Amino acid sequence: MDYCLQIQLELKQLGVRVKIDKSNEKLGYKIREAQMQKVPYMLVLGDNEVNENAVNVRKYGDQQSESVPFESFKKKIVQQIKERSK
């Protein structure tokens, strides 16, 4: 959970809206709920991501997720926000 909070803090400082799902539901249920709410990006964080300082990213509408370094995800999301605000 510490890694989740660290990721949340860094993203919020960059102006990204972030919410951690702390419910006791199964992962599949959480993913379905986020898809129904049309959440643009879901980050799934587990032991592998903590060890590699990475995030597992699932984009809205995609069936597959990919594990990417957190720094590259940060750059990508900030760039998308800048482009969208123009």
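Small disclaimer: the values here were computed from a predicted structure and weren't measured. The first residue of the sequence shown is numbered 1, and numbering continues consecutively from there.
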Passes side chain to side chain contact (heavy atoms under 4.5 Å, CB included), D2 versus V50? Steps please. CA-CA 10 Å; D2 291 337; V50 172; over 6 Å; no
Please walk me through it: do K12 and L9 pass side chain to side chain contact (heavy atoms under 4.5 Å, CB included)? CA-CA 5 Å; K12 279 190 174 188; L9 178 65; 5.6 Å; no
If you measure from [atom1] on [X] to [atom2] on [Y], what distance do you get to the nearest 0.5 Å?
{"X": "M36", "Y": "R32", "atom1": "CE", "atom2": "CZ", "answer": "9.5 Å"}
{"X": "I31", "Y": "E25", "atom1": "CD1", "atom2": "CD", "answer": "13.0 Å"}
{"X": "E52", "Y": "D47", "atom1": "CD", "atom2": "CG", "answer": "11.0 Å"}

Name of the residue among E83, K75, K76 meeting side chain to side chain contact (heavy atoms under 4.5 Å, CB included) with Q79: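 Exactly one option meets the side chain to side chain contact (heavy atoms under 4.5 Å, CB included) with Q79, and it is E83.
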Keeping the roles fixed (side chain from E49, backbone from G46), state whether a donor-acceptor pair exists under 3.5 Å. yes
Please answer whether the main-chain N or O of E66 pairs with a side-chain N or O of R58 as donor and acceptor at a distance below 3.5 Å.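 Not a single qualifying donor-acceptor pair exists.
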Worked verdict on L11 versus L43 for side chain to side chain contact (heavy atoms under 4.5 Å, CB included): CA-CA 12 Å; L11 290 175; L43 303 180; 4.1 Å; yes
Please test F70 against Q6 for side chain to side chain contact (heavy atoms under 4.5 Å, CB included), starting from the C-alpha separation and ending with a verdict. CA-CA 11 Å; F70 178 59; Q6 175 189 345; over 6 Å; no
Please report the closest heavy-atom contact between [X] and [Y], naming both atoms and the distance.
{"X": "I81", "Y": "G15", "answer": "CD1-O, 4.5 Å"}
{"X": "Q8", "Y": "V18", "answer": "CG-CG1, 3.7 Å"}
{"X": "Q35", "Y": "Y60", "answer": "O-CE1, 3.3 Å"}

Is there a path from Y3 to V68 through hydrophobic residues (I, L, V, M, F, W, Y) whose side chains come within less than 4.5 Å of each other?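 Yes, same cluster.
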Between V55 and I20, is there shared hydrophobic-cluster membership here, with clusters defined by ILVMFWY side-chain heavy atoms closer than 4.5 Å? no
Salt bridge flag under 4.0 Å for residues E33 and K30: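 Answer for the salt bridge query: no.
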Does N51 have more than 12 heavy atoms from other residues, nucleotides or ligands lying within 6.0 Å of its CG? yes
